[in-house]
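Here the structure is laid out as structure tokens; the discussion comes afterwards.
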Amino acid sequence: MPELPEVETVRRGLAPVMEGHVIASAQVNRPDLRWPFPERMAERLAGKKVQALRRRSKYILADLSSGETLIIHLGMSGRMLISGAQLGQFHHDHPAPAKHDHVVLDMENGARVTFNDARRFGAMDLTPTEGVEDHWLIRDIGPEPLGNAFNEAYLVQRFKGRNTPVKSALLDQRLVAGLGNIYVCEVLYRAGISPSRKAGRIAAARVAGLVPIIRAVLEEAIEAGGSSLRDYRQADGELGYFQHGFRVYDREGQPCLTEGCASTIGRIVQSGRSSFFCPTCQR
DNA sequence: ATGTGTTCCTGTCCGC
DNA sequence: TGCGGACAGGAACACA
């Protein structure tokens with residue numbers, strides 16, 4: 001599920017209990033998720049301090065004092081739960097293990113971080129921190145949409161000559177990092193561009209206009225995640241799944257929210273994914 | 001090189 | 001209440 005804003009929200013939620021703290025022990029309850037876990041993962045995590053908790057695209061990167069980095073991907077259904085830490089205090093009691101709790105990290109500070117992933121499209125790997133950007137899962141990913149390398153000239157260049165629908169182009173992680181089905185729908189709605197339009201046939205000015213829209217949509221979602229984070233810390237400690245007011249995603253058959261537009265939101269399937277759009281506002 | 005369809009897995013929801 | 005099918009926030013992989 002989680003797209004860039006949700007992963008960033010998870011990272012920010014984990015940081016207070018993990019960054020600068022030592023993993024006392026790790027429990028690994030199955031041999032694999034999408035791929036096998038790295039050899040001896042539990043042993044390689046135990047006793048290591050998390051020096052930094054970073055994010056690259058939809059990956060969370062935990063740099064360890066051993067010189068290795070734990071790479072975490074949440075896939076479609078991956079969740080992170082914090083227990084034993086509330087309101088800055090550690091109370092040391094944890095909920096009963098749940099179905100699909102695959103990896104459990106017990107921190108020396110008493111907090112417990114549980115990775116739960118029903119569909120098991122998630123992944124974890126351990127790799128040397130030096131060169132983690134060249135790891136096979138990460139090396140081909142495009143620029144961070146909130147960074148300087150992602151800009152108008154870049155996107156215009158990358159769209160040039162592409163015969164694929166703009167929806168597919170923006171989902172392509174090699175082109176830009178971190179966008180998923182929800183936020184691509186939201187971006188194209190805000191930009192007034194049909195998801196079916198071929199990327200290479202959009203006027204350069206409109207392509208350039210996508211850049212600030214992508215940034216705004218993601219930043220607003222991160223902000224919404226940030227405010228939800230405070231609630232989660234008070235509630236059950238589950239991170240990353242927050243209610244965010246989507247303006248077009250999952251609104252098939254409901255009225256378009258654009259002022260003065262009388263259309264209803266439609267849905268088409270593009271390469272197996274639902275695209276929600278307004279047939280009037282998006283051309 | 002690009003573009004598209006299939007696949008991995010479990011859970012939920014909706015119509016009969 | 002059961003059953004079948006569609007669908008779900010990802011992305012690697014196989015193939016045209």
Side-chain angles (χ1 to χ4, degrees), chain A residues 1-11 13 29-37 55-60 71-80 98-103 115-125 135-142 145 157-189 195-201 214 217-218 220-222 224-225 228 238-253 265-276:
Chain A
M1 112 159 231
E3 305 182 30
L4 188 153
E6 291 77 23
V7 175
E8 177 61 20
T9 299
V10 170
R11 188 197 69 79
N29 295 329
R30 53 174 298 122
D32 55 29
L33 290 173
R34 180 162 187 179
W35 296 287
F37 286 123
R55 180 189 56 75
R56 168 74 171 112
S57 190
K58 298 172 192 171
Y59 292 88
I60 291 171
I71 300 176
I72 303 169
H73 196 280
L74 301 174
M76 286 277 243
S77 55
R79 295 149 187 259
M80 287 287 189
K99 200 174 179 182
H100 309 304
D101 281 355
H102 304 311
V103 177
F115 180 88
N116 179 292
D117 183 9
R119 293 177 75 181
R120 302 205 305 273
F121 293 163
M124 284 192 194
D125 200 9
H135 187 278
W136 67 279
L137 285 170
I138 290 174
R139 66 188 173 208
D140 294 329
I141 296 176
Q157 165 65 24
R158 291 301 300 268
F159 269 30
K160 205 167 284 179
R162 284 202 67 160
N163 202 35
T164 195
V166 59
K167 171 77 188 308
S168 314
L170 290 177
L171 279 176
D172 185 345
Q173 301 297 296
R174 295 168 304 184
L175 205 150
V176 57
L179 293 178
N181 206 37
I182 290 179
Y183 293 110
V184 169
C185 289
E186 296 296 316
V187 162
L188 292 176
Y189 177 69
S196 314
R197 183 153 297 252
K198 309 275 193 190
R201 301 211 182 149
I214 289 169
V217 165
L218 295 178
E220 287 169 23
I222 290 171
S228 78
E238 180 171 331
L239 300 170
Y241 290 75
F242 47 88
Q243 290 301 319
H244 183 50
F246 304 127
R247 299 188 64 79
V248 69
Y249 180 81
D250 206 22
R251 295 197 62 248
E252 182 182 15
I265 299 303
R267 181 175 76 94
I268 56 172
V269 175
Q270 297 177 286
S271 50
R273 316 292 304 277
S274 287
S275 295
F276 299 89

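Below, each value reflects all heavy atoms present in this structure, side chains not excepted, and no hydrogens, waters or symmetry copies. Within every chain, numbering begins at 1; the chains are lettered A, B, ... in the order of the sequence lines, protein sequences first and strands thereafter.
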Task: Set of residues satisfying ring-ring contact (aromatic ring centres under 6.0 Å, His included) with respect to A:Tyr59, sequence neighbours excluded - done: A:His73
Open item on the list: What range of DNA chain B does chain A touch, first nucleotide to last, counting atoms under 4.0 Å from its heavy atoms?
Closed with: B:dG3 to B:dG11
Open item on the list: A:Ser271: which residues meet the side-chain contact (heavy atoms from CB on, under 4.5 Å) condition with it, sequence neighbours left out?
Closed with: A:Ser168
Open item on the list: Which residues pass the ring-ring contact (aromatic ring centres under 6.0 Å, His included) test with A:Tyr189, not counting sequence neighbours?
Closed with: none
Task: ring-ring contact (aromatic ring centres under 6.0 Å, His included) involving A:Tyr249 - partner list, sequence neighbours excluded - done: A:Phe246, A:Phe276
Task: Runs of at least three consecutive pairs that involve DNA chain B, where pairs are Watson-Crick or G-U with distances under 3.5 Å - done: B:2-8 with C:10-16, B:10-16 with C:2-8
Task: For A:Arg162, side-chain contact (heavy atoms from CB on, under 4.5 Å) partners two or more places apart - done: A:Thr164, A:Asp172, A:Leu175, A:Ala199
Open item on the list: According to side-chain hydrogen bond (donor to acceptor under 3.5 Å, both in side chains), who are the partners of A:Asp250, at least two apart in sequence or on a separate chain?
Closed with: none
- [ ] Would you please name every residue forming a side-chain hydrogen bond (donor to acceptor under 3.5 Å, both in side chains) with A:Arg56, sequence neighbours left out?
- [x] A:Glu144
- [ ] Determine: side-chain N/O of A:Tyr249 to OP1/OP2 of C:dG9, distance under 4.0 Å, yes or no.
- [x] yes
Show me the protein contacts with nucleotides 12-16 of chain C, counting only N or O atoms at under 3.5 Å.
from	atom 1	to	atom 2	distance (Å)
C:dA12	O4'	A:Arg34	NH2	2.9

- [ ] Any salt bridge (charged side-chain N to carboxylate O under 4.0 Å, His left out) involving residues 176-185 of chain A? Give me the pairs, sequence neighbours left out, ordered by first then second residue.
- [x] none
Task: side-chain hydrogen bond (donor to acceptor under 3.5 Å, both in side chains) partners for A:Arg267, two or more places apart - done: A:Glu252, A:Ser274
